[in-house]
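Read the structure below first, then the notes.
The structure displayed is predicted, hence computed values, not measured ones. No hydrogens, no waters, no symmetry mates; every other heavy atom, side chains included, goes into these values.
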Amino acid sequence: MNTNFLKEVLNHAEAACGKKYQNKLLVLREERERFLNNHWQRKKAPRELKKKQRDDILRNIDFDTIVYYAGKYIKGKEYTNLLIKIALTAINYGELNSAKYILESLLGKYLGFLDDAFMARTLLLLGQIHFYQNNYDSAIKSCNESLRLYNKLKDDNGIAQIKNNMGILMVEKGYLNEGEKLFKDSLDIARENNLFDLIAKTNMHLGNLYHQYGDFNEAIISYNNSLKCTEAEVTPETKTLIYLNLAITYKSQQEYNKAFDVLQKSLKIIQVTKNKYHKGLAYIVKSELSLSNKDYASSIAFITTSFSIFSEIGDRLSVAETYKILGIINRETGKYDQSLSYFENSIRINKEMNHKLNLAEGNIELAKLYIVKKNIQEALKCLAQSEALFKDQNADLRVKMVKELKETIQE
């Protein structure tokens with residue numbers, strides 16, 4: 001658990017609960033740390049319990065104690081307002097399990113204190129977390145219930161946000177046309193109401209959709225439309241994601257210097273926001289850029305860090321992406337058996353999650369391994385699968401790319 005996140009949570013709680021609460025927490029913490037450290041210092045303590053693990057244990061206990069004891073000092077709406085503030089902080093830092101725990105508590109134990117507006121927002125945030133953790137059915141359920149409440153409230157801001165989120169879900173499930181329609185609906189409402197952060201987000205997601213189609217130039221236009229919103233109008237988290245997606249598109253076009261420059265802008269923001277999820281995404285891109293320079297040591301360092309982050313968060317699709325990159329690194333360094341193992345892990349996860357784009361891309365990289373090993377028949381099988389998946393998504397430019405690769409190995 002991030003120490004900066006914990007400090008911010010503590011600041012929120014102390015501001016809401018007062019001096020007596022602050023003193024109580026200090027006493028509890030001193031007693032707990034003295035008790036645990038005394039036991040850890042004994043020879044009977046498990047050797048595998050390293051310092052980092054001990055620190056993590058203490059931070060998790062601190063978080064639970066902060067949240068629980070706040071409920072003894074403030075009640076009703078005061079407490080639920082604090083909880084939503086903590087959940088938002090957790091999302092911003094990428095502490096998704098903590099955010100999920102808080103939001104589910106709100107919709108369970110504290111439901112009686114929530115009005116429709118508060119519940120709609122809580123469901124919107126919970127839907128986002130389900131999405132990040134690839135629980136798409138749960139995400140859609142939360143989004144639909146949130147949209148019902150926002151429609152009841154006639155809240156254009158909420159409706160636009162939910163339509164944007166549902167657009168992302170449709171795209172991830174392979175329903176690209178439905179996703180594009182939802183993005184455009186969201187963008188229209190956002191423009192009518194001058195919701196600049198949402199305008200930036202929706203343009204970014206349209207860019208991601210065009211990237212998925214293989215239309216990189218159109219994607220860059222959408223990302224640049226996002227960047228037209230000023231710093232004051234867009235949150236640091238949104239700006240980070242725009243830069244990350246722009247870097248990915250430049251990388252896809254093999255414009256590595258541009259990709260590196262944009263990535264550095266995202267990393268500069270991440271140093272301030274400390275967002276774990278964004279850091280994991282940035283390190284995937286950084287690993288791929290290191291790979292393009294044949295800096296294998298750096299590439300492995302970044303991708304294994306990314307693997308650790310996404311494993312902790314529970315984002316299986318991003319874990320699959322790290323496996324794919326590990327497969328490429330091992331392929332390029334001549335470790336073909338290891339490469340095959342990583343590609344198979346990536347493909348297996350993407351099949352389980354039914355993510356067609358990632359599955360198609362994984363099969364292309366596996367085909368390249370078979371080409372190196374001169375197993376042309378297996379390579380053609382993988383490319384045929386990729387071509388079918390891209391056709392299913394109407395990604396004509398990507399279909400063309402696969403056909404061109406097939407032609408080069410059949411000559």
Side-chain angles (χ1 to χ4, degrees), residues 170-180 205-223 245-256 258-259 284-285 288-289 291-292 294 317 320-332 334 336 339-411:
M170 291 299 104
V171 169
E172 289 296 320
K173 288 177 72 68
Y175 304 121
L176 305 191
N177 292 334
E178 292 88 339
E180 186 171 8
H205 291 131
L206 281 167
N208 294 347
L209 180 63
Y210 298 138
H211 183 277
Q212 199 155 330
Y213 283 133
D215 192 345
F216 302 138
N217 290 328
E218 195 64 35
I220 288 170
I221 290 169
S222 290
Y223 297 139
N245 285 298
L246 187 53
I248 290 167
T249 305
Y250 281 136
K251 176 188 66 65
S252 297
Q253 290 187 313
Q254 298 184 343
E255 295 187 62
Y256 298 123
K258 284 185 178 179
I284 286 179
V285 183
E288 291 183 283
L289 292 176
L291 186 55
S292 71
K294 300 192 182 302
L317 284 174
E321 189 69 9
T322 64
Y323 275 132
K324 185 186 79 176
I325 294 164
L326 284 165
I328 297 171
I329 294 167
N330 279 272
R331 184 186 67 208
E332 293 200 4
Y336 298 143
S339 177
L340 178 61
S341 173
Y342 285 127
F343 285 140
E344 287 176 339
N345 278 336
S346 178
I347 287 168
R348 174 180 53 80
I349 294 169
N350 283 313
K351 278 183 178 176
E352 288 171 2
M353 306 301 296
N354 194 30
H355 198 287
K356 295 176 183 178
L357 175 66
N358 289 0
L359 186 55
E361 290 181 341
N363 272 301
I364 289 172
E365 295 303 335
L366 179 56
K368 290 177 182 177
L369 173 63
Y370 284 129
I371 292 167
V372 172
K373 295 176 72 175
K374 303 191 184 306
N375 190 340
I376 303 305
Q377 289 306 310
E378 287 299 321
L380 289 171
K381 284 181 186 177
C382 291
L383 292 175
Q385 290 177 36
S386 291
E387 186 177 346
L389 288 162
F390 285 140
K391 278 182 179 176
D392 186 60
Q393 297 184 92
N394 300 314
D396 296 335
L397 292 171
R398 288 182 179 264
V399 170
K400 182 183 175 185
M401 176 195 71
V402 174
K403 285 181 176 178
E404 289 171 353
L405 181 55
K406 284 168 69 176
E407 287 171 6
T408 63
I409 65 175
Q410 287 175 316
E411 290 175 354

What pair of heavy atoms forms the shortest contact from [X] to [Y], and how long is it?
{"X": "Glu180", "Y": "Tyr213", "result": "OE1-OH, 3.9 Å"}
{"X": "Gly207", "Y": "Ala219", "result": "O-CB, 3.2 Å"}
{"X": "Phe343", "Y": "Lys324", "result": "CE2-O, 3.3 Å"}
{"X": "Tyr342", "Y": "Tyr323", "result": "CB-O, 3.3 Å"}
{"X": "Tyr256", "Y": "Leu289", "result": "CD2-CD2, 3.8 Å"}
{"X": "Ile284", "Y": "Ile325", "result": "CG2-CD1, 3.6 Å"}

Point to revise | Ile364 vs Leu405, side chain to side chain contact (heavy atoms under 4.5 Å, CB included): CA-CA, chis, key distance, verdict | key: CA-CA 9 Å; Ile364 289 172; Leu405 181 55; 4.3 Å; yes

Rounded at 0.5 Å granularity, tell me how far [atom1] in [X] sits from [atom2] in [Y].
{"X": "Ile349", "Y": "Asn358", "atom1": "CD1", "atom2": "CG", "answer": "10.5 Å"}
{"X": "Leu357", "Y": "Leu389", "atom1": "CG", "atom2": "CG", "answer": "9.0 Å"}
{"X": "Leu380", "Y": "Asn375", "atom1": "CG", "atom2": "CG", "answer": "9.5 Å"}
{"X": "Tyr210", "Y": "Leu176", "atom1": "OH", "atom2": "CG", "answer": "11.5 Å"}
{"X": "Ile220", "Y": "Asn245", "atom1": "CD1", "atom2": "CG", "answer": "11.5 Å"}
{"X": "Asn363", "Y": "Ile347", "atom1": "CG", "atom2": "CD1", "answer": "4.5 Å"}

Check your understanding: Quick one: does Asn177's side chain get under 4.5 Å of Asn394's, heavy atoms only?
Key ->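 Yes, side chains in contact.
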
Check your understanding: Tell me, do Phe216 and Glu255 make a side-chain contact under 4.5 Å, heavy atoms counted?
Key ->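 Answer no - side chains too far apart.
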
Point to revise | Glu387/Lys406 salt bridge by N-O under 4.0 Å criterion | key: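 Yes, Lys406 and Glu387 are salt-bridged.
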
Check your understanding: What residue among Arg398, Gln393, Lys356, Glu172 forms side-chain hydrogen bond (donor to acceptor under 3.5 Å, both in side chains) with Gln212?
Key ->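 Of the listed options, the one satisfying the test is Gln393.
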
Practice item. Could you please spell out the steps behind the side chain to side chain contact (heavy atoms under 4.5 Å, CB included) verdict for Val399 and Lys403? Key: CA-CA 6 Å; Val399 170; Lys403 285 181 176 178; 3.9 Å; yes

**Study point:** salt bridge (Lys or Arg N to Asp or Glu O under 4.0 Å) assessment of Arg348 paired with Glu352
**Key:** CA-CA 6 Å; Arg348 174 180 53 80; Glu352 288 171 2; 3.4 Å; yes

Review point. Can Lys258 and Leu246 be said to form a side chain to side chain contact (heavy atoms under 4.5 Å, CB included), step by step?
Key: CA-CA 9 Å; Lys258 284 185 178 179; Leu246 187 53; over 6 Å; no

Review point. Listed by chain and number, what are the side chain to side chain donor-acceptor pair (under 3.5 Å) partners of Asn330, not counting sequence neighbours?
Key: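 Listed in chain order: nothing, the list is empty.
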
Practice item. Check Thr249, Leu206, Leu209 against Ser222 for a side-chain contact (heavy atoms from CB on, under 4.5 Å) and give me the one that passes. Key: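 Checked Thr249, Leu206, Leu209 against Ser222; only one passes side-chain contact (heavy atoms from CB on, under 4.5 Å): Leu206.
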
Contacts under 3.5 angstrom, residues 365-373 side chains, donor-acceptor by atom type, not counting sequence neighbours:
unit_1: Glu365; atom_1: OE1; unit_2: Arg331; atom_2: NH1; d: 2.9
unit_1: Glu365; atom_1: OE1; unit_2: Arg331; atom_2: NH2; d: 3.1

